[in-house]
Amino acid sequence: LFSAMPGSGQSWPGESQTATTLQYVFPSILVANGGISGQTTQQFLDRGKSAFAADRKALQDVVAKLPDVVLMHGASINDFLGMGSGFTDADVSNVVDRHRQCVEFFTSAGILVIDSGCYGYSAESANADNVRLALMSGNAKIRKLVSDSKNPLWIWNELDGIVRNSTGRYIPGMSDDNVHLSVLGA
């Protein structure tokens with residue numbers, strides 16, 4: 001099992017909250033984290049252009065671990081945070097297209113992808129409402145891509161009402177810092 005999060009945000013040393021939770025609940029499952037804190041989906045795609053390093057975490061490195069499943073938490077919050085107040089539908093579509101490229105890389109290798117899109121965002125800032133609008137628009141586009149693809153290796157995992165509400169805000173207790181999932185949210 002591999003947890004692929006382009007910008008995994010708040011990670012415990014060497015692991016994501018999801019990976020740590022899964023190892024606690026299912027100790028026989030090997031979980032690795034493909035995220036690098038603060039990175040965008042484009043940076044996730046570009047990692048494979050760099051020389052191999054143990055901490056590179058490129059798409060190719062994920063596939064080389066031969067996972068049965070990838071938990072994809074792409075369309076990273078870092079993509080949406082950079083959009084500001086003037087984001088367009090085309091901006092969101094570009095993020096979603098990069099997300100799709102990541103997923104197709106995994107599924108073309110025969111790996112099942114369980115996709116949750118971007119989790120949520122509850123921080124308050126001048127652009128917070130726009131970030132949430134972009135996030136929810138991106139998730140809606142990814143959800144439609146999954147449905148339209150008919151790819152049996154790409155499954156949408158709906159988190160509305162579970163970790164985030166219909167506006168993209170985290171449900172209370174799901175995030176300790178309003179940006180990343182808490183252990184309870186994972």
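No hydrogens, no waters, no symmetry mates; every other heavy atom, side chains included, goes into these values. Nothing fancy with the numbering, it's 1 onward along the sequence.
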Return yes if some donor-acceptor pair links the side-chain N/O of Asp177 with the main-chain N/O of His180 below 3.5 Å, else return no. yes
Under 4.5 Å between any side-chain heavy atoms of Leu159 and His73, yes or no? no
For residues Phe44 and Cys102, report the shortest heavy-atom separation together with the two atoms involved. CD2-SG, 3.5 Å
Distance from Asp68 atom CG to Ile111 atom CD1, nearest 0.5 Å? 9.0 Å
Are Asn157 and Ser116 linked by a side-chain donor-acceptor pair shorter than 3.5 Å? yes
Taking the basic N atoms (NZ, or NE/NH1/NH2) and the acidic carboxylate oxygens, is any pair closer than 4.0 Å for Asp61 and Lys57? no
Under 3.5 Å, is there a donor on one side chain and an acceptor on the other for Ser175 and Asn178? no
Arg164 side chain to Cys118 main-chain N or O, any donor-acceptor pair under 3.5 Å? yes
Salt bridge flag under 4.0 Å for residues Lys141 and Asp89: yes
Apply side chain to side chain contact (heavy atoms under 4.5 Å, CB included) to Met174 and Ile162, showing your working. CA-CA 9 Å; Met174 295 294 114; Ile162 299 170; 5.9 Å; no
Test your reading of the model: is there a side-chain donor-acceptor pair from Arg132 to the backbone of Gly120, 3.5 Å cut-off? no
Test side chain to side chain contact (heavy atoms under 4.5 Å, CB included) on Phe105 and Arg100 and set out the steps. CA-CA 8 Å; Phe105 191 91; Arg100 178 196 53 76; over 6 Å; no
Donor-acceptor pair, side chain of Asn94 and main chain of Ala90, under 3.5 angstrom: yes
Side-chain contact test, heavy atoms from C-beta onward, threshold under 4.5 Å: evaluate it for Tyr170 versus Tyr119 and give yes or no. yes
Could you tell me whether a side-chain N or O of Asn165 sits under 3.5 Å from a main-chain N or O of Ile171, the two making a donor and an acceptor? no
Can you tell me how far apart CG (Leu153) and OG (Ser108) are? Round to the nearest 0.5 Å. 9.5 Å
Is there a donor in the side chain of Ser149 and an acceptor in the side chain of Asn151, or the other way round, less than 3.5 Å apart? no
If you apply the rule side chain to side chain contact (heavy atoms under 4.5 Å, CB included), what do you find for Met72 with Ile114, and how did you get there? CA-CA 6 Å; Met72 186 70 183; Ile114 300 174; over 6 Å; no
On a heavy-atom basis, which atom in Trp156 and which in Asn139 lie closest, and how many Å separate them? CH2-O, 3.9 Å
Looking only at non-hydrogen atoms, find the nearest pair between Val62 and Pro67 and report the distance. O-CD, 3.3 Å
Does the side chain of Leu112 reach to within under 4.5 Å of the side chain of Ile155, using non-hydrogen atoms? yes
Closest non-hydrogen atom pair, Val63 against Ala109: CG1-CB, 3.8 Å
So, Asp115 versus His99: side-chain donor-acceptor pair below 3.5 Å or not? yes
Any donor-acceptor N or O pair under 3.5 Å, side chains Gln60, Arg47: no
Check the pair Leu133 / Thr167 against side chain to side chain contact (heavy atoms under 4.5 Å, CB included), numbers first and verdict last. CA-CA 7 Å; Leu133 285 172; Thr167 71; over 6 Å; no
Distance-only side-chain donor-acceptor flag, Asn127 / Ser125, under 3.5 Å: no
Flag the pair Arg56 / Phe52 as yes when at least one side-chain heavy-atom distance between them is below 4.5 Å, and no otherwise. yes
Counting only N and O atoms by type, is there a donor-acceptor contact under 3.5 Å from the side chain of Gln43 to the main-chain atoms of Thr40? yes
Show the nearest heavy-atom pair for residues Phe80 and Val131, with the distance to one decimal. O-CG2, 3.9 Å
Within the side chain of Asn78, is there an N or O that forms a donor-acceptor pair under 3.5 Å with the backbone of Gln39? yes
Give the minimum heavy-atom separation between Ala123 and Val179, together with the two atoms involved. CB-CG2, 4.1 Å
Evaluate the side-chain proximity of Val96 to Ser93: yes if any heavy-atom separation is below 4.5 Å, no if none is. no
Side chains of Arg169 and Tyr121: closer than 4.5 Å at any heavy-atom pair? no
